[in-house]
Participant: 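Before we start, here is the structure in question, set down as structure tokens.
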Amino acid sequence: MSDKLKVGILGATGMVGQRFISLLEEHPWFEVVTVAASARSAGKTYEEAVGGRWKMDTPMPEAVKKLVVMNVNEVEEVAASVDFVFSAVDMSKDEIKAIEEAYAKTETPVVSNNSAHRWTPDVPMVVPEINPEHFEVIEFQKKRLGTKRGFVAVKPNCSIQSYAPVLTAWKEFEPVEVVATTYQAISGAGKTFKDWPEMVENIIPYIGGEEEKSEQEPLRLWGKVEDGVIKKASLPVITCQCIRVPVLNGHTAAAFVKFNKKPTREELIDRLVNFKGVPQELDLPSAPKQFIQYLEEDNRPQVKADVDYEKGMGVSVGRLREDTVYDFKFVGLSHNTVRGAAGGAVLCAETLKAKGYITAK
Ligand SMILES: NC(=O)c1ccc[n+]([C@@H]2O[C@H](COP(=O)([O-])OP(=O)(O)OC[C@H]3O[C@@H](n4cnc5c(N)ncnc54)[C@H](OP(=O)(O)O)[C@@H]3O)[C@@H](O)[C@H]2O)c1
């Protein structure tokens, strides 16, 4: 009998669900024992339910092929088989909020990839290198839910992962204004070129809801725990444009920054390459050894060359130079379905386990 924690994946048949399955294939702490999706997939084996929709580069792991898919809405049944769940279901925001809390109330922690709970005041939204202390609000959330071990924790949107860690590394220089444009991959919409042929040789200057998330979510990451809730930071002011580009995986951001205390270029690079947090200190299984790499070549970071840096868990930065209007500008790149989605959630779960929030039932 394995002593790994038993994990369920809600929305296991989708793009992010498949990424969870792939990332957890050989995980030293977690074992996928339950997969759940809509009523359309329930009752089929995982292999049958996914059919031709498998979108990962690596083959479907043998261990999940024969698992019978459960219905996400049968909460008690799914919860009974697992220690905690990852959530990647695509439902309405209200439905997601309700179902994630329903799982928490069965004393099953939920680590979610969804946006539904990102602004629930006592739900921590965490990038473990940036704000692991926000997990402290879990105690207050449990009181609200009336649970002993059940809670919901979330990770932020994929779009911010190529510039929010960078700005965090530069916190001592007090960034006050940021202008960012993100160039976002089609997998962020759960798509490949096969199922979104209009994106070949195309650019679409609109991603619903993305600009507000890109401007606001970093402020919540930099917020403080006060009276059992997260109070968001007020600076830096961020303005964003989010553009869909013909790239399969990898969100790039081109950003301009103004500081209160203008640093030198050397200081900025020094802080980037020396930036680390709890995942590196605890040597968590999915932690990138070097979270942020700085690339001096003028033509980097490039999606094809750099998206898989640190197995998709690291951030690549380049083109840092002084600007004529702002103080500095740079380009950042991160993997949207690994660091930006499933991988970010797995790292949150590892941090939660290491800190004793997730245990065997
Ligand atoms: N793709 C990304 O990079 C990314 C990044 C951050 C956040 N997200 C968010 O993550 C979620 C999943 O995204 P995705 O790209 O993986 O979507 P997806 O490929 O469309 O997968 C959706 C999953 O949800 C299940 N589902 C759909 N309707 C359901 C219902 N009514 N009841 C129960 N299960 C239902 C589907 O099951 P069936 O197969 O049975 O239909 C499938 O497992 C979304 O909320 C999305 O906004 C995605």
Side-chain angles (χ1 to χ4, degrees), residues 8-23 32 34-56 60 64 67-75 77-78 85-100 102-103 110-118 125 127 152 154-162 164 182 184-192 194-196 199 207-210 212-214 217 242 244-245 247-251 307 312 334-348:
I9 297 172
L10 313 180
T13 50
M15 173 78 118
V16 178
Q18 292 176 24
R19 184 64 77 182
F20 275 118
I21 300 273
S22 303
L23 290 174
V32 177
T34 298
V35 286
S38 76
R40 295 179 289 275
S41 303
K44 298 177 185 167
T45 63
Y46 185 72
E47 192 175 23
E48 283 164 359
V50 173
R53 293 187 287 160
W54 183 253
K55 291 174 180 171
M56 302 296 109
M60 184 184 290
V64 296
L67 290 180
V68 175
V69 179
M70 298 179 80
N71 185 337
V72 166
N73 297 292
E74 291 171 4
V75 177
E77 289 82 343
V78 174
V85 292
F86 287 110
S87 172
V89 279
D90 198 3
M91 300 160 104
S92 75
K93 219 169 169 166
D94 286 342
E95 285 173 318
I96 292 174
K97 269 188 167 172
I99 205 149
E100 291 185 346
Y103 275 89
V110 178
V111 182
S112 178
N113 178 70
N114 290 306
S115 62
H117 273 300
R118 286 187 196 151
M125 178 175 80
V127 172
V152 179
V154 301
K155 50 146 284 296
N157 201 48
C158 47
S159 62
I160 72 169
Q161 318 267 349
S162 45
T182 60
Q184 301 194 197
I186 62 171
S187 58
K191 299 278 204 299
T192 62
K194 200 169 125 225
D195 33 54
W196 202 0
M199 274 310 300
I207 305 173
E210 204 76 352
E212 196 191 350
K213 290 176 189 168
S214 305
E217 290 188 12
C242 299
R244 189 72 74 192
V245 295
V247 160
L248 181 60
N249 291 310
H251 288 356
V307 73
S334 75
H335 197 305
N336 55 297
T337 64
V338 183
R339 171 55 81 160
V346 171
L347 194 59
C348 279

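One-based numbering, in listed order, for ligands and for the atoms of each.
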Participant: Quick check against the 3.5 Å criterion: does R118 have a side-chain atom that pairs as donor or acceptor with the backbone of K155?
Facilitator: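 Yes; judged by distance alone, with no hydrogens or angles, the pair exists.
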
Participant: Could you tell me if T337 and S187 have a donor-acceptor pair between their side chains, going purely by distance under 3.5 Å?
Facilitator: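 No, no side-chain donor-acceptor pair sits under 3.5 Å.
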
Participant: Show me which atoms of ligand 1 lie under 4.0 Å from any heavy atom of S41.
Facilitator: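 So the answer, numbered in order with elements, is 38 (P), 39 (O), 40 (O).
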
Participant: Of V35, L10, V78, which is the lone residue that meets side-chain contact (heavy atoms from CB on, under 4.5 Å) with M70?
Facilitator: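 For M70, the side-chain contact (heavy atoms from CB on, under 4.5 Å) check succeeds only for V78.
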
Participant: For atom 38 (P) of ligand 1, state whether the nearest protein heavy atom is under 4.0 Å away.
Facilitator: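 Protein heavy atom within 4.0 Å of atom 38 (P) of ligand 1: present.
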
Participant: Where does M91 meet ligand 1, judged by heavy-atom distances below 4.0 Å: at the side chain, the backbone, both, or neither?
Facilitator: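 M91 to ligand 1: side-chain contact only, backbone stays beyond 4.0 Å.
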
Participant: With backbone taken as N, CA, C and O and side chain as the heavy atoms from C-beta onward, which portion of S187 lies under 4.0 Å from ligand 1: side chain, backbone, both, or neither?
Facilitator: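 Backbone only.
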
Participant: Only heavy atoms count here, so choose which of S159, S38, A49 is nearest to atom 33 (C) of ligand 1.
Facilitator: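 Residue with the shortest heavy-atom distance to the ligand atom: S38.
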
Participant: Using a distance-only test with no angle check, is there a side-chain donor-acceptor pair under 3.5 angstrom linking N157 and S115?
Facilitator: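 Side chains of N157 and S115: no pair found under 3.5 Å.
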
Participant: If you have a sec, work out which protein heavy atom is nearest atom 5 (C) of ligand 1 and how many Å separate them, to one decimal?
Facilitator: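 Going atom by atom, the protein heavy atom closest to atom 5 (C) of ligand 1 ends up being A341 CB, 3.8 Å.
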
Participant: For ligand 1, find out whether one of its N or O atoms is nearer than 3.5 Å to an N or O atom of C158.
Facilitator: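 No, there is no polar N/O contact under 3.5 Å.
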
Participant: Below 3.5 angstrom, do we get any N/O pair linking A189 and ligand 1?
Facilitator: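 No; the residue has no nitrogen or oxygen that sits under 3.5 Å from a nitrogen or oxygen of the ligand.
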
Participant: Could you tell me which atoms of ligand 1, counted from 1 in the order shown, lie closer than 4.0 angstrom to a heavy atom of R40?
Facilitator: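 Listed by number with element: 27 (C), 28 (N), 41 (O).
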
Participant: Would you check if the side chain of E217 reaches a backbone N or O of M125 as a donor-acceptor pair within less than 3.5 Å?
Facilitator: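 Between the backbone of M125 and the side chain of E217 there is no qualifying donor-acceptor contact (under 3.5 Å).
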
Participant: Can R339 and S334 be counted as having a side-chain donor-acceptor contact under 3.5 angstrom?
Facilitator: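 Side-chain D/A pair, R339 to S334: absent.
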
Participant: Can you give me the closest heavy-atom contact between I186 and V245, atom names plus distance?
Facilitator: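 Distance-wise, the nearest heavy atoms are CG2-O, 3.7 Å.
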
Participant: As an exercise, identify every atom of ligand 1 less than 4.0 angstrom from a heavy atom of G190.
Facilitator: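 Result: 1 (N), 15 (O).
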
Participant: Regarding atom 46 (C) of ligand 1: of the candidates N157, N114, D195, which has the closest heavy atom?
Facilitator: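 Answer by nearest heavy atom: N114.
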
Participant: Looking at K55 and G190, would you say the former's side chain and the latter's main chain have a donor-acceptor pair under 3.5 Å?
Facilitator: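 Present.
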
Participant: For the pair E100 (side chain) and K97 (backbone), establish whether a donor and an acceptor sit closer than 3.5 Å, ignoring hydrogens and angles.
Facilitator: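 No, because the side chain of E100 does not come within donor-acceptor range (under 3.5 Å) of the backbone of K97.
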
Participant: Counting only heavy atoms, tell me which of N113, I9, D90 gets closest to atom 20 (O) of ligand 1.
Facilitator: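 Answer by nearest heavy atom: D90.
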
Participant: Looking at atom 12 (C) of ligand 1, what's its closest protein heavy atom, distance included?
Facilitator: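 For atom 12 (C) of ligand 1, the nearest protein heavy atom comes out as A88 O, 3.2 Å.
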
Participant: Any idea which atoms of ligand 1 are less than 4.0 Å away from a heavy-atom of T13?
Facilitator: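 The atoms of ligand 1 under 4.0 Å from a heavy atom of T13 are 36 (C), 37 (O), 38 (P), 39 (O), 40 (O), 42 (C), 43 (O).
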
Participant: Looking only at N/O atoms, are M15 and ligand 1 under 3.5 Å apart anywhere?
Facilitator: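 So ligand 1 has an N or O lying under 3.5 Å from an N or O of M15.
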
Participant: Shortest non-hydrogen contact from I96 to A116?
Facilitator: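 Scanning both residues completely, I find the closest heavy atoms to be CG2-CB, 3.6 Å.
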
Participant: Could you tell me if any non-hydrogen atom of R53 lies under 4.0 Å from any atom of ligand 1?
Facilitator: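 Judged by the 4.0 Å heavy-atom criterion, R53 does count as contacting ligand 1.
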
Participant: Identify, for atom 48 (C) of ligand 1, the protein heavy atom at the shortest distance, and state residue, atom and that distance.
Facilitator: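 For atom 48 (C) of ligand 1, the nearest protein heavy atom is V16 CG2, 3.5 Å.
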
Participant: Could you find the nearest protein heavy atom to atom 21 (O) of ligand 1 and give me its residue, atom name and distance?
Facilitator: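 Result: G14 CA, 3.1 Å.
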
Participant: Would you please classify the geometry between the W54 ring and the Y46 ring as parallel, tilted or perpendicular, with 30° and 60° separating the classes?
Facilitator: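 Perpendicular: the ring planes of Y46 and W54 meet at over 60°.
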
Participant: Please list, in number order, the atoms of ligand 1 under 4.0 Å from a heavy atom of T337.
Facilitator: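 Under 4.0 Å from T337, ligand 1 has these atoms: 3 (O).
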
Participant: Show your working on side chain to side chain donor-acceptor pair (under 3.5 Å) between Q184 and T182 and close with a plain yes or no.
Facilitator: CA-CA 6 Å; Q184 301 194 197; T182 60; 2.8 Å; yes

